[in-house]
Amino acid sequence: MIPEPYNPQVVEEKWRDFWRERGFFKAKTHEPQRKFYYLNMFPYPSGKLHAGHGRNYILGDAIVRFLLMRGWNVLNPMGWDAFGLPAENAAIEQGVHPRDWTWANIREFKRQFRAWGVEYDWDREIATCEPGYYKWTQWIFLKLYERGLAYRAKGKVNWCPHCEVVLANEQVIGGRCWRCNSPVEKKELEQWYFRITAYAERLLKDLEKLDWPEHVKKMQENWIGRSEGAEIVFPTEKGAEIKVFTTRPDTLWGATFLVLAPEHPWVPELTALEQRAAVEAYRAAADRLTEVERTSTEKEKTGVFVGTYAINPATRERIPIWVADYVLMGYGTGAIMGVPAHDERDFQFALSHGLPVIPVIAHPGGEIRIFVPADAFVSSLPQALRALGIPVGSTKDGALLANAPTEIMDKAASVIRERLTEKGWAAMVGQGWQIVFPDEVISIGSVAEERRALSRLKAIDPALAEKRTVAEILWAVPALRDFLFHAEFGPMLNSGPLSGTPGAEAVRKTVAWLEEKGLGNAAVTYKLRDWLISRQRYWGAPIPIIHCPRCGIVPVPEKDLPVLLPEVNRIGKLGLADIPGFISTTCPRCGGPAQRDTDTMDTFVDSSWYFLRFISPKDEDRPFDPDLVNRWLPVDLYVGGVEHAILHLLYARFITKFLHDLGWLSFDEPFKKLFTQGMVTYPAYWCPTHHWIPPKEVLPGDRCPKCGAELEVSVVAMSKSKKNVVSPDELIAQYGADTERLYTLFMGPPEKEIEWSEEGVRGCWRFLNRFWNMALAIISRAAGVREEPDPQALGTQGRALWTKLHATVKKVTEEFEGRLALNTAVAAIMELTNELASYAEDREADPRLLRSVLRNLVLILSPFTPFICEEIWHRLGETKAVLETPWPEYDPQALAEGEVEIPVQINGKVRVRVRVSRAAASDPQVLQDLVLADPSVRERLRGLRIEKVVAVPAKLVSIVAR
RNA sequence: GCCGGGGUGGCGGAAUCCGGUAGACGCAGGGGACUUAAAAUCCCUUGAGCAAAUUCUUGCUCGUGCGGGUUCGAGUCCCGCCCCCGGCACCA
């Protein structure tokens with residue numbers, strides 16, 4: 001008889017609607033015992049799904065099928081992040097309505113999910129573009145507005161010139177637009193913001209509670225960017241006081257200048273008449289720079305002196321005020337104190353603009369470096385220094401160099417002073433800077449001393465006439481550079497009453513001193529900025545606000561929600577602002593004529609609460625049912641791409657905390673556990689003339705099919721735009737969905753980025769064929785058998801298979817419940833399959849064991865390949881569906897049976913392997929005795945004296961012998 | 001620069017949490033069977049090297065980025081480096 005070949009097309013079509021029709025994926029939200037809320041990040045429905053997307057949905061489907069068999073009441077919904085720019089752009093280009101474009105894509109996505117066997121509770125399907133959903137997005141806006149957490153403000157915003165839209169900070173990736181990668185520009189606009197900064201501290205602190213990948217938590221931590229320090233007030237000659245933020249208040253005595261951001265509001269007021277033109281020109285130039293240009297690390301530090309001075313509140317010295325674009329208006333106070341001796345940027349700035357450098361923190365090494373120019377000292381100096389125990393060297397041009405411990409600095413200074421030539425000088429840097437002259441030593445502890453030392457040096461050496469600061473002179477000596485600037489903590493120097501304070505207490509003591517004197521206070525600053533949410537577009541949730549000439553900004557009353565998107569035939573570039581019928585309305589407060597706000601909300605607002613809506617997706621009176629939500633959330637396991645590590649995940653946490661504060665939610669973190677799956681990469685081919693070429697069309701030798709040019713190959717994440725996608729439709733047609741699913745889960749650890757491999761797919765295809773053939777063979781042999789095997793009655797082979805079965809069940813169960821390394825679970829299942837197949841070769845094989853192992857194998861394989869398993873399951877004579885069958889339990893007893901091979905190490909190397917029963921191997925003394933009695937071990941030990949034996953139960957025995 | 005993750009065969013990767021036979025599983029390669037042939041399928045084989053043996057082997061040495069350390073034993077732990085990937089980045 002010719003065996004029936006594996007035909008996935010037939011098998012899969014047979015079961016494709018079975019699970020849905022049986023309602024296995026419908027959550028029973030009103031019975032929340034043993035609830036499990038599993039959630040995949042909902043997709044933006046654009047175009048078609050490719051094999052890379054499968055990483056997310058197939059993984060999720062496998063987990064959910066496992067959970068269902070484990071008896072969980074699983075909520076596993078799916079919806080659509082349906083507002084957004086691509087739909088609108090497609091609509092503008094093709095003249096279709098974005099809604100039609102979006103729903104056509106959604107239909108396509110759903111078709112592909114069905115083909116994959118990826119099932120959801122479709123009764124809960126939601127789309128953010130439906131009025132029944134965005135009504136509540138608008139409601140959240142109103143609630144934020146009520147609490148003062150939504151506000152309108154004018155300011156510099158990120159602007160993508162290509163998308164012609166503003167961007168939130170989180171949507172600017174390395175100075176570029178997150179969608180189109182264009183360099184982002186700055187624009188002065190009045191926009192709506194959400195005050196996410198009010199939640200900065202909680203968003204940071206509560207990360208601790210989350211079972212999230214460490215790197216995602218770190219990314220959020222860095223993004224929130226908490227810094228502790230102080231705010232210090234600097235009086236100015238013009239009267240205004242400038243407040244700066246610093247993390248290093250202990251360096252205040254070294255602040256020799258102030259720098260304001262070009263956008264700082266007080267710049268005009270502080271600018272002297274004669275500097276006005278230069279300052280204005282500088283500010284205008286800074287304004288024109290894109291974010292990429294302005295924040296380029298290699299850029300020379302530019303800036304302009306405003307012509308007036310401030311007073312350093314600690315030293316009471318006059319210090320110049322500058323504007324420079326390395327200071328950002330959006331962080332801290334938009335103004336800094338320049339401490340060139342202990343901040344790398346300030347040091348660069350001081351060097352290029354001739355500003356004095358005053359060291360106020362001792363060099364961490366506890367060492368000083370001595371430099372004496374050639375011809376500046378008498379010949380006995382080296383010897384005299386050596387007499388102090390200081391090793392002395394010299395440069396190529398004859399200058400003297402030495403390192404000395406701090407303690408003998410004063411002694412060294414007097415030794416040097418006595419041995420300088422008449423016009424000689426020397427520098428000692430590290431413990432502050434000392435400039436040694438024949439008649440005195442000037443310690444540079446203030447701007448005044450710096451000026452004096454500089455003029456003396458210039459008077460001595462005409463070659464220094466051009467130098468503007470002592471720092472410039474010393475910087476010219478390469479050997480001193482390491483000692484001129486450092487940003488470490490250390491004992492304070494030249495710091496008036498606080499001089500000598502050790503580094504560990506420096507910040508705390510300085511802040512206390514500042515507070516006592518009323519000069520400043522401890523302060524915390526965050527990098528996080530408020531969330532800019534308004535978009536000048538059509539395809540989004542309209543902002544529910546009315547502008548009334550008499551009443552000002554008036555929120556739309558809740559009863560009037562939703563503010564519907566107007567139906568239009570054509571969408572203009574200006575979005576809602578292009579639609580006159582939408583704009584004019586009446587003021588809800590005074591009844592007079594008024595205008596609607598024409599902005600729509602960032603799509604990330606839509607997605608910041610959707611996980612709540614799934615609980616009661618059709619509720620018309622509330623955004624969600626709070627009782628049910630509080631029983632079902634937080635989400636137990638959230639799976640999605642790491643690209644949302646900051647954006648969506650931060651916003652969703654913020655909105656959750658807000659709704660918690662409002663009293664709607666009892667929890668304040670939406671996602672208890674997060675898993676981020678890796679991207680799938682594939683070679684992408686680039687032709688300089690014909691651009692992206694689909695891999696399939698590429699000619700041998702990586703040539704362009706159109707022009708024959710050699711193509712540039714790069715292995716990158718699958719994407720439609722690079723044409724390097726693998727189509728699930730084609731895979732399913734050729735191998736079936738089970739093969740694609742299995743390969744997707746087997747290709748590597750799910751969290752890692754991995755390259756798609758056609759050969760790998762074929763390996764999984766071969767496996768399923770072997771599995772199919774073996775299963776049918778076993779079914780025909782074990783037809784009619786219904787009893788379970790008796791483990792005690794099995795032979796050695798059977799017993800080994802029995803143990804293997806239980807070990808595999810254990811392994812697979814633990815992977816699903818733990819770290820989700822399903823690739824290793826698949827490997828274990830393959831091993832079991834291989835062992836079952838070789839056991840089945842024995843004509844004497846126990847049919848009860850064959851059937852039992854196959855039955856359990858089908859169950860544990862079913863989350864990976866549900867179609868083939870459902871088929872085999874029913875051919876085994878089962879009447880219930882796989883999903884109605886409990887997940888197999890493993891028997892610890894079975895794992896303790898049979899034999900194990902115990903390696904025996906002699907002097908650290910494995911020399912012998914001994915087979916012992918698992919029972920014997922579990923007792924260290926028994927194991928040790930057995931091993932020492934083994935003939936080949938005795939042979940090895942002949943002539944040696946045993947010094948030590950280590951027996952590790954079930955693992956190995958290690959013998960030390962001489 | 002800062003933060004995070006990682007470096008294991010020809011390749012993807014196992015073993016890393018909690019030290020205990022390194023290379024599971026799969027791919028690719030080599031050899032063979034079947035076939036007129038090919039595809040498909042099946043079987044054997046594959047870290048590097050050395051020695052004895054000669055045929056079904058046996059034994060030894062080396063081997064998890066580099067250098068040290070702890071230990072009976074290190075891919076795993078500790079210290080110091082190098083390199084790669086990801087995130088942030090003139091954040092005061």
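Chain letters run A, B, ... following the sequence lines, proteins first and then strands; every chain starts at 1. For the numbers below, each heavy atom of this structure counts, side chains included, while hydrogens, waters and symmetry mates do not.
When heavy atoms are screened at a 4.0 angstrom cut-off, A:V952 is found touching base atoms of the nucleic acid. Among the heavy atoms of the strands, none lies under 4.0 Å from A:P213. As judged by a 4.0 angstrom heavy-atom cut-off over every strand, A:V642 is placed among residues making no nucleic acid contact. At the heavy-atom level, A:N834 lies under 4.0 Å from the strands shown only through sugar-phosphate atoms. Within 4.0 Å of A:K217, counting heavy atoms only, lies no atom of the nucleic acid at all. Backbone-only engagement by A:G763 is indicated by non-hydrogen atom pairs under 4.0 Å involving sugar-phosphate atoms exclusively.
At the phosphate of B:G59, neither OP1 nor OP2 sits under 4.0 Å from any side-chain N or O atom of A:R911. Regarding contacts with the backbone of B:C3, every side-chain N or O of A:K218 stays at 4.0 angstrom or more from both OP1 and OP2. At B:U41, none of the side-chain N or O atoms of A:N773 fall inside 4.0 Å of OP1 or OP2 (strictly under the cut-off). Put simply, A:S227 has a side-chain N or O that comes within less than 4.0 Å of OP1 or OP2 on B:A92. The phosphate of B:G59 (OP1 or OP2) has no side-chain N or O of A:R940 nearer than 4.0 angstrom. Taking side-chain N and O atoms only, A:R770 has a distance below 4.0 Å to OP1 or OP2 of B:C42.
With rounding to whole Å, A:L260 atom CG is found 19 Å from B:C90 atom P. Between the CD atom of A:Q171 and the P atom of B:G87 there is a distance of 17 Å, rounded to whole Å. The distance between atom CE of A:M774 and atom C1' of B:C42, rounded to the nearest whole Å, is 16 Å. What separates NZ of A:K909 from P of B:C72 is a distance of 16 Å, to the nearest Å. Atom CD of A:E344 and atom P of B:G1 are 10 Å apart (whole Å). In this structure, CD of A:E753 is placed 8 Å from P of B:G86, rounded to the nearest angstrom. The distance from atom CG of A:N823 to atom P of B:C27 is 15 Å, rounded to the nearest whole Å. One atom, CG of A:L252, and another, P of B:A92, lie 17 Å apart when rounded to the nearest Å.
Straight-line distance between the P atoms of B:A38 and B:G31: roughly 13 Å, to the nearest whole Å. Using P as the reference atom, B:C78 and B:C88 are 29 Å apart when rounded to the nearest Å. Rounded to the nearest Å, the gap between the C1' atom of B:C72 and that of B:G19 is 12 Å. Nucleotides B:G9 and B:A15 place their C1' atoms 15 Å apart, quoted to the nearest Å. Separation of the C1' atoms belonging to B:C85 and B:U71 is 33 Å when rounded to the nearest angstrom. Between B:U41 and B:G75, the two C1' atoms lie 38 Å apart (nearest whole Å). Comparing B:A53 with B:G32, their P atoms sit 29 Å apart, to the nearest whole Å. Nucleotides B:U61 and B:C56, compared at atom C1', are 26 Å apart to the nearest Å.
Taking a pair to require two hydrogen-bonding distances under 3.5 Å in either a Watson-Crick or a G-U wobble arrangement, B:C56 remains unpaired. Here B:A37 sits opposite no nucleotide as a Watson-Crick or G-U wobble pair (both hydrogen-bonding atom distances under 3.5 Å). B:C88 is paired with B:G1 under the Watson-Crick or G-U wobble criterion, all donor-acceptor distances under 3.5 Å. Nucleotide B:U70: unpaired (no Watson-Crick or G-U wobble partner with both distances less than 3.5 Å). In this structure B:C62 sits in a base pair with B:G47, meeting the Watson-Crick or G-U test at under 3.5 Å. Using Watson-Crick or G-U wobble geometry with both donor-acceptor distances under 3.5 Å, B:G9 finds no partner in any strand shown. With a 3.5 Å ceiling on both atom-pair distances, the Watson-Crick or G-U wobble partner of B:C42 is B:G32.
Applying the 3.5 Å distance criterion, the base of B:C90 shares a donor-acceptor pair with the side chain of A:K301. Side-chain atoms of A:E759 and base atoms of B:G26 include no donor and acceptor less than 3.5 Å apart.
Using modelled atom types, one side-chain atom of A:D346 and one backbone atom of A:V339 make a donor-acceptor pair closer than 3.5 Å. When atom types are taken as modelled, the side chain of A:R248 and the backbone of A:A487 share a donor-acceptor pair closer than 3.5 angstrom. Remark: the backbone N or O of A:K243 is paired with a side-chain donor or acceptor of A:T333 at under 3.5 angstrom. A:N56 places no side-chain N or O within 3.5 Å of a backbone atom of A:Q677 that could act as its donor or acceptor partner. Judged by distance alone, with hydrogens and angles left aside, the side-chain atoms of A:H342 form a donor-acceptor pair with the main-chain N or O of A:H486 at under 3.5 Å.
Salt bridge status for A:D325 with A:K301: absent, with no side-chain N to carboxylate O gap under 4.0 Å. Look at A:R819 and A:E815 and you find a salt bridge, because one of the NZ, NE, NH1 or NH2 atoms lies within 4.0 Å of a carboxylate O, short of that distance. A:R945 and A:E947 are joined by a salt bridge, as a carboxylate oxygen and a charged side-chain nitrogen come within less than 4.0 angstrom of each other. A salt bridge links A:E814 with A:K810: at least one charged nitrogen is closer than 4.0 Å to a carboxylate oxygen.
Between B:A14, B:U21, B:A28, one nucleotide has an atom nearer to the side chain of A:R762 than all others, and that is B:A28. If you check B:A28, B:C3, B:A22 against the side chain of A:R766, the one that comes closest is B:A28. Comparing B:C88, B:C72, B:G12 against the side chain of A:W223 picks out B:C88 as the nearest. Here the nucleotide nearest the side chain of A:M830, chosen from B:G26, B:A15, B:U21, is B:G26. Among the nucleotides B:G87, B:A28, B:A24, the one closest to any side-chain atom of A:N222 is B:G87. Taking every side-chain heavy atom of A:L956 into account, B:G20 is the closest of B:G20, B:U21, B:C3. The side chain of A:K527 approaches B:C88 more closely than any other nucleotide in the set B:C72, B:G13, B:C88. Of the candidate nucleotides B:G87, B:A92, B:A14, B:A92 has the atom nearest to the side chain of A:V327.
A ring-ring contact (aromatic ring centres under 6.0 Å, His included) with A:F864 is found for exactly one of A:F816, A:F746, A:Y743, namely A:F816.
Taking the centre of each ring, A:W765 and A:Y6 come in below the 6.0 Å mark.
Checking A:V826 against A:Q905, the closest nucleotide of RNA chain B that is more toward the 5' end is the one next to A:Q905. Between A:K811 and A:Y526, the one whose closest nucleotide on RNA chain B sits nearer the 5' end is A:K811.
Taking every heavy atom of residues 675-683 of chain A and every atom of RNA chain B, no pair lies under 4.0 Å.
With a glycosidic angle no more than 90° from 0, B:G9 adopts the syn conformation.
Heavy atoms of other residues, nucleotides or ligands lying less than 6.0 angstrom from NZ of A:K811 number more than 12.
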